[in-house]
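Note sheet for the following structure.
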Amino acid sequence: MALTKEQIAQRIARELQSGYYVNLGIGIPTLVANYIPKGMDVVLQSENGLLGMGPFPTEEKVDADLINAGKQTITILPGTAFFDSAYSFGMIRSQRIDLTVLGAMEVSENGDIANWKIPGKLIKGMGGAMDLVASARNIIVTMMQTNPKGESKLLSNCSLPLTGKKCIQRVLTDLGFYIIHDGAFHLVEIAPGVTIDEIKAKTLGKLVVSADLKTIEV
Amino acid sequence: MALTKEQIAQRIARELQSGYYVNLGIGIPTLVANYIPKGMDVVLQSENGLLGMGPFPTEEKVDADLINAGKQTITILPGTAFFDSAYSFGMIRSQRIDLTVLGAMEVSENGDIANWKIPGKLIKGMGGAMDLVASARNIIVTMMQTNPKGESKLLSNCSLPLTGKKCIQRVLTDLGFYIIHDGAFHLVEIAPGVTIDEIKAKTLGKLVVSADLKTIEV
Amino acid sequence: MNKVVTNADEAVKDIPDNAVLMLGGFGLCGIPENSIAALIRKGVKGLTCISNNAGVDDFGIGLMLKTRQVKKMISSYVGENAEFERQLLSGELEVELIPQGTLATRCMMAGYGIPAFFTPAGVGTEIADGKETREFDGKEYLMEYAFKSDFAIVKAWKGDTAGNLIYRGTARNFNPMMAMAGEITIVEVEELVAEGELDPNEIHTPGIFVNRIFKGEKYEKRIEQRTISKQ
Amino acid sequence: MNKVVTNADEAVKDIPDNAVLMLGGFGLCGIPENSIAALIRKGVKGLTCISNNAGVDDFGIGLMLKTRQVKKMISSYVGENAEFERQLLSGELEVELIPQGTLATRCMMAGYGIPAFFTPAGVGTEIADGKETREFDGKEYLMEYAFKSDFAIVKAWKGDTAGNLIYRGTARNFNPMMAMAGEITIVEVEELVAEGELDPNEIHTPGIFVNRIFKGEKYEKRIEQRTISKQ
């Protein structure tokens with residue numbers, strides 16, 4: 001069985017460590033916040049200018065001056081700090097973020113990523129994605145393994161315009177967890193009930209199945 | 001009669017305009033603060049991190065966390081803002097300071113300035129002088145026209161290591177006020193009682209006496 | 001040092017057609033609402049707007065798109081705006097997309113008097129086309145330039161008459177860098193106080209960067225994605 | 001997020017001989033007094049110190065010069081220190097002088113992840129020797145690099161247990177940039193409070209840059225040039 005979005009978020013949450021500063025992108029990555037283990041000290045950064053993001057507000061606590069990078073209303077936690085956008089990307093570029101989680105349209109076997117532009121479709125912009133992928137040293141890309149047409153999103157070369165080049169080392173899809181090195185997707189964990197044949201059929205880039213392949217606990 | 005240090009400071013103060021942000025260097029430039037016309041709105045910047053510097057404190061108001069770039073204890077005025085050193089030199093480089101006044105050891109006829117280092121003597125460092133001379137668009141250099149040995153400090157070429165190249169347009173000495181352009185010191189104002197012969201004798205760089213030479217009012 | 005002007009119309013009155021403007025805000029958060037309204041009343045045309053986003057159809061810069069006052073947007077993300085899409089597809093509007101960190105830093109560097117700097121954002125992508133690249137410590141970087149702008153229009157929370165500013169929450173975003181980067185900087189605030197009322201330790205933007213300041217008549221503070229907690 | 005260590009000795013205990021340190025402060029204002037005392041107790045040697053000044057004979061970095069712990073100073077101004085002069089003239093001490101704005105900006109760029117930038121300071125002087133120059137808009141600039149340092153040691157006024165910092169007055173100076181630039185950042189504060197006690201709008205340095213924080217045992221806050229008004 002392919003992982004659900006919630007199961008993907010849960011698996012990523014297991015990568016968290018106490019003391020981590022984390023940047024979660026829009027979409028599935030945002031869900032990771034729901035699975036931070038109780039008592040674990042993790043601080044969420046939002047690149048529009050805060051550290052210490054809390055949950056969405058109740059109706060009474062909505063404040064137009066408090067939003068996240070997805071423009072959603074949010075709350076803050078004790079210890080929050082606000083700063084400007086240049087400072088925010090300063091801390092991103094100087095690699096103070098311990099874990100960055102973001103979505104993608106395509107990832108290639110050499111770590112290229114495409115997630116901002118589809119030729120022929122309306123372009124909305126890259127936002128902070130190019131800064132994040134070029135700067136962060138610990139990124140997990142999360143996405144479905146195939147697009148709605150059933151085509152693999154793990155490719156030899158990205159077909160879409162790149163967001164970043166040779167910058168992705170880890171990809172978690174609904175089917176498996178891959179480490180990218182030496183020009184190949186190394187499958188290190190597989191979703192329960194998914195077969196290696198299915199993985200092979202849905203991976204266009206070079207695939208290496210790890211000798212000690214584990215099953216993702218759900 | 002050559003101008004006194006106080007008269008030099010008074011003459012410079014006549015260059016102030018309401019609304020000016022001003023950076024005054026150590027020595028004679030500091031005295032300019034004493035001659036800001038009453039009611040004129042001038043804000044003093046100190047490059048160690050404040051705008052809105054006030055007079056020296058009374059004994060009871062001394063605060064170790066409030067010093068100027070000369071490391072002297074100071075007070076602040078209503079409207080003061082503190083900032084860090086990088087930000088401070090940011091505003092200097094982006095030319096927000098309307099007038100910068102600093103001392104010098106030598107100035108050359110093409111606007112070079114030397115004021116930080118004497119070979120063979122102990123070097124203390126340039127502090128913020130190189131940033132200031134390279135950045136400010138409106139600088140007045142003030143100094144005695146000759147050194148203690150009676151040698152001119154207005155030269156064809158500086159003999160001392162430079163602080164900045166081709167960056168000085170105006171020099172006020174105890175003898176005269178000079179505008180530097182086209183490779184010459186243009187004497188535009190002369191101290192009362194000083195003769196052009198004395199100026200000539202004490203200027204080694206190319207000298208042009210302005211057609212409408214004025215006497216400095218003291 | 002009195003930088004106060006009577007209102008938004010006074011503040012923007014000399015902005016000419018074809019000016020390059022910086023406009024603060026992230027989404028609809030921390031945008032200079034009153035100045036945008038004044039620009040629309042003034043009807044100035046052919047504007048180039050450097051702003052992280054382009055507003056929504058009926059708020060923010062979106063209002064200036066509707067009135068066809070904008071020739072070019074320089075932004076990192078321009079979704080959520082149907083009129084924008086229409087003008088872009090019809091060729092009425094030019095758009096230059098820039099990574100968000102690069103956009104913020106190019107504003108900052110203008111304020112810091114640094115003409116160019118190096119960033120890894122966009123290396124190996126179409127953003128790098130025609131740009132100088134350079135390796136430092138084995139990593140590749142692009143050379144990017146400080147922005148130039150004729151006017152920066154920003155929104156702060158509190159300001160004093162000398163132009164010292166304090167921002168609030170995530171409404172800070174691009175405002176402090178843009179405030180430093182305008183040839184002329186115009187600021188609107190929710191609260192305008194006398195010099196000496198703001199704690200000098202708490203000031204985010206010193207007045208030296210501010211040319212004009214006024215208290216905005218009213219703030220709608222539209223929320224783009226009102227998201228409420230389930231419990 | 002708890003970054004608190006018990007005291008200065010604990011905070012500096014793993015600083016090895018020959019480390020590159022950044023030390024905050026301008027003159028004797030805003031210097032990490034307690035950490036300097038701990039470095040002297042520890043007796044670590046061969047240090048390279050990036051600091052705007054080198055203290056005076058009996059305070060600040062001057063104390064570490066007396067104990068011969070400093071191999072090299074990287075500063076903008078090093079006057080007011082007789083022992084410093086002696087060591088410099090005898091060749092025991094190396095000194096690299098850097099324009100103050102360049103020094104501050106090289107610290108800042110380290111924190112901003114920008115490896116190199118352009119500044120006009122020092123063009124045409126001996127500071128430019130061996131450096132790349134480049135013209136932008138008809139003006140010449142030097143290319144300067146971000147600093148690297150093993151430890152940054154800074155002093156703030158108030159801090160919380162998560163390392164969020166607020167500075168006071170002109171004791172801010174180099175501290176905020178250095179706090180961003182250390183491979184490990186050590187902070188001493190006059191007041192240490194719980195998370196949530198500091199207003200998030202007023203924080204100058206967010207805790208993400210801080211590795212260790214402690215409350216300094218005592219602050220002498222020596223004044224270098226006590227200057228009193230005549231009236």
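So you know, we letter chains A, B, ... as the sequences are listed, proteins then strands, and number each from 1. Since we're looking at a predicted model, the values are computed, not measured. What you see below is based on every heavy atom in this structure, not just the backbone, and it leaves out hydrogens, waters and symmetry mates.
- The local environment of CD in D:Glu217 is sparse, with at most 12 non-hydrogen atoms from other residues, nucleotides or ligands closer than 6.0 Å.
- Distance CG/A:Leu51 to CE/D:Met1: 9.0 Å, rounded to 0.5 Å.
- Within a 6.0 Å sphere centred on NZ of D:Lys139, heavy atoms belonging to other residues, nucleotides or ligands number more than 12.
- Enclosure of atom NZ in A:Lys5 is not indicated, since only 12 or fewer non-hydrogen atoms of other residues, nucleotides or ligands lie within 6.0 angstrom.
- Within a 6.0 Å sphere centred on NZ of D:Lys221, other residues, nucleotides and ligands contribute more than 12 heavy atoms.
- D:Lys42 NZ: more than 12 foreign heavy atoms inside a 6.0 Å radius.
- Remark: D:Asp129 CG is packed, more than 12 non-hydrogen atoms of other residues, nucleotides or ligands lying under 6.0 Å away.
- Listed here is the closest heavy atom pair of D:Met180 and A:Arg96: O-NH2, 2.8 Å.
- With a threshold of 4.5 angstrom between heavy atoms, D:Thr161 does not approach chain A through any atom at all.
- Within a 6.0 Å radius of CD in D:Glu132, other residues, nucleotides and ligands contribute more than 12 heavy atoms.
- Under the 4.5 Å side-chain criterion, counting only non-hydrogen atoms from C-beta, D:Ile203 is not in contact with A:Thr80.
- Of all the heavy atoms in A:Ser94 and D:Ala110, the pair that sits closest is CB-O, 3.6 Å.
- Proximity of the aromatic rings of D:Phe209 and A:Tyr87 is defined here by a centroid distance below 6.0 angstrom, and this criterion is met.
- Within residues 11-20 of chain A, the residues having any heavy atom under 4.5 Å from a heavy atom of chain D are, by residue number, A:Gly19, A:Tyr20.
- Within the 4.5 Å cutoff, side-chain heavy atoms of A:Phe83 are placed close to those of D:Pro206.
- Only the side chain of A:Ile76 comes within contact range of chain D, with heavy atoms under 4.5 Å apart.
- Of all non-hydrogen atoms in D:Asn2 and A:Asp41, the two that sit nearest each other are N-OD2, 4.0 Å.
- Both the backbone and the side chain of D:Ile208 come within less than 4.5 Å of a heavy atom in chain A.
- Counting all heavy atoms, side chain and backbone alike, A:Phe82 lies closest to D:Asn201 at CD1-OD1, 3.6 Å.
- The local environment of NZ in A:Lys166 is sparse, with at most 12 non-hydrogen atoms from other residues, nucleotides or ligands closer than 6.0 Å.
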